[in-house]
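The basis for the numbers below is simple: all heavy atoms, side chains too, and nothing from hydrogens, waters or symmetry mates.
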Amino acid sequence: RAAPNMGWLTFTFGLERKFKQLCKRLDVLRTHQQQEGLKFLAHFRRRFIIRDGKRKAKLEGRAPVELFELRSNGSALCTRLVQVKADASQLNSAFCYILYVPLEGPDSDTSSAIVYAWIGARADPDSARLIEQLAEEKFNNPWLSLQVLTEGNEPDNFFWVGLGGRRPYDADADFLNYTRLFRCSNEKGYFTVSEKCT
């Protein structure tokens with residue numbers, strides 16, 4: 001999301017040549033977040049996780065609370081787990097989330113934490129199964145406590161405290177039923193927007 005062009009340039013003018021020497025049939029494509037192709041996403045088998053922040057960021061003090069939203073646009077193959085701001089207003093009853101609440105220490109490998117898989121009341125059953133699998137596979141280890149919660153059964157002590165307290169959030173996603181497609185164009189010399197499907 002916030003990656004500078006320098007990383008791409010470093011790869012293009014340095015590492016790409018080395019990789020092409022090792023592998024003769026190498027295709028290098030640049031893609032941006034939320035614009036990944038189906039061929040790329042197929043490699044992850046619906047377990048693509050996008051974290052926020054920088055690669056070399058140093059943690060100081062306690063590890064931050066992390067909230068991940070399960071998103072799927074288009075098809076099940078396009079499913080990804082995207083880190084969003086850890087705030088209760090980010091929740092929506094039609095989606096599923098993973099909340100990581102650290103309890104002590106900056107070392108994420110050995111510090112204890114609670115991981116909540118939150119299933120919204122209007123979430124589809126396939127997303128609910130997938131969020132449980134992702135929480136078990138990617139966030140579970142001996143130092144973590146994993147809990148699967150349905151909307152309305154959240155504990156006050158760590159869940160809501162981790163999100164900064166209870167706040168109003170969207171209880172429905174009716175906007176998904178009224179999705180509209182627009183085409184933006186500059187082909188006539190001026191910017192136009194037209195609706196493609198009604």
Side-chain angles (χ1 to χ4, degrees), residues 1-3 7-8 11 27-55 57 63-102 108-109 113-141 144-154 159 162-163 167 169-184 196-197:
R1 278 183 269 201
W8 174 252
F11 174 77
D27 292 330
V28 177
L29 299 173
R30 184 177 186 183
T31 187
H32 295 279
Q33 185 176 330
Q34 302 292 338
Q35 297 174 0
E36 300 91 356
L38 293 177
K39 189 174 181 182
F40 175 78
L41 289 171
H43 293 287
F44 296 95
R45 296 185 178 95
R46 300 180 71 192
R47 275 131 175 93
F48 188 45
I49 300 175
I50 301 172
R51 291 186 173 270
D52 198 19
K54 298 183 178 185
R55 268 185 303 153
V65 174
E66 297 174 334
L67 180 65
F68 297 89
E69 178 182 348
L70 187 66
R71 292 185 185 168
S72 179
N73 49 338
S75 71
L77 193 58
C78 295
T79 303
R80 53 181 69 82
L81 196 63
V82 180
Q83 186 174 359
V84 295
K85 181 181 175 192
D87 188 80
S89 63
Q90 296 286 326
L91 298 175
N92 187 312
S93 297
F95 300 109
C96 298
Y97 298 84
I98 291 178
L99 177 66
Y100 174 86
V101 182
S108 61
D109 292 335
I114 298 176
V115 176
Y116 296 103
W118 188 84
I119 300 168
R122 295 185 176 193
D124 71 86
D126 185 47
S127 293
R129 278 191 303 277
L130 183 59
I131 203 76
E132 288 182 46
Q133 291 170 358
L134 283 168
E136 183 70 36
E137 293 172 13
K138 304 293 183 188
F139 293 90
N140 200 8
N141 72 41
L144 300 179
S145 169
L146 175 63
Q147 297 179 24
V148 178
L149 305 172
T150 54
E151 184 177 2
N153 297 322
E154 305 90 357
F159 184 84
L163 290 174
R167 286 195 180 83
Y169 59 85
D170 288 333
D172 63 12
D174 287 341
F175 61 88
L176 292 174
N177 298 329
Y178 307 105
T179 304
R180 297 164 67 182
L181 178 65
F182 293 89
R183 178 176 184 259
C184 301
K196 297 308 290 180
C197 300

Just verifying a value: how many Å separate L163 CG and S89 OG, rounded to the nearest 0.5 Å? 9.0 Å

Results of side chain to side chain contact (heavy atoms under 4.5 Å, CB included) for T150 - residues two or more places apart only: N153

Closest heavy-atom pair, A171 versus S93, reported as atoms and distance to 0.1 Å, is O-CB, 3.1 Å

Check side chain to side chain donor-acceptor pair (under 3.5 Å) between E132 and all other residues, then give those that pass, not counting sequence neighbours. none

State, with a plain yes or no, whether a side-chain heavy atom of I98 is found less than 4.5 Å away from one of F139. yes

Just so I know, are the side chains of R46 and R80 near enough to count as touching, which here means a heavy-atom distance under 4.5 Å? no

Any side-chain heavy atom of V65 within less than 4.5 Å of one from P102? yes

Do the non-hydrogen side-chain atoms of L149 and F159 ever get within less than 4.5 Å of each other? yes

Close side-chain approach of L67 and Q83, heavy atoms under 4.5 Å: no

Can R122 and D170 be counted as an ion pair, charged N to O under 4.0 angstrom? no

OH/Y97 to CD/E69 distance, rounded to the nearest 0.5 angstrom? 4.0 Å

Is there a side chain to side chain contact (heavy atoms under 4.5 Å, CB included) between I49 and F68? Walk through the geometry before answering. CA-CA 9 Å; I49 300 175; F68 297 89; 4.2 Å; yes

May I have the step-by-step check of side-chain hydrogen bond (donor to acceptor under 3.5 Å, both in side chains) for W118 and E151, ending in yes or no? CA-CA 7 Å; W118 188 84; E151 184 177 2; over 6 Å; no

Looking at side-chain heavy atoms only, is the closest gap between L70 and T79 below 4.5 Å? yes

Side-chain heavy atoms of L99 within contact of I114, under 4.5 Å: no

Is any side-chain heavy atom of L81 closer than 4.5 Å to one of I50? no

Considering non-hydrogen atoms only, spot the tightest contact between V101 and G162 and give its length. CG2-CA, 4.4 Å

Which atom of A135 lies closest to which atom of L146, heavy atoms considered: CB-CD1, 3.7 Å

CZ of R71 to OG of S127, rounded to nearest 0.5 Å, is 13.0 Å

Set out, in order, the CA-CA distance, both residues' side-chain angles and the distance that settles side chain to side chain contact (heavy atoms under 4.5 Å, CB included) for D52 and V82, then state yes or no. CA-CA 8 Å; D52 198 19; V82 180; over 6 Å; no

With sequence neighbours left out, what residues match R47 under side chain to side chain contact (heavy atoms under 4.5 Å, CB included)? L130, Q133, L134, E137, K138

Are the aromatic rings of Y116 and Y100 close, with centres under 6.0 Å apart? no

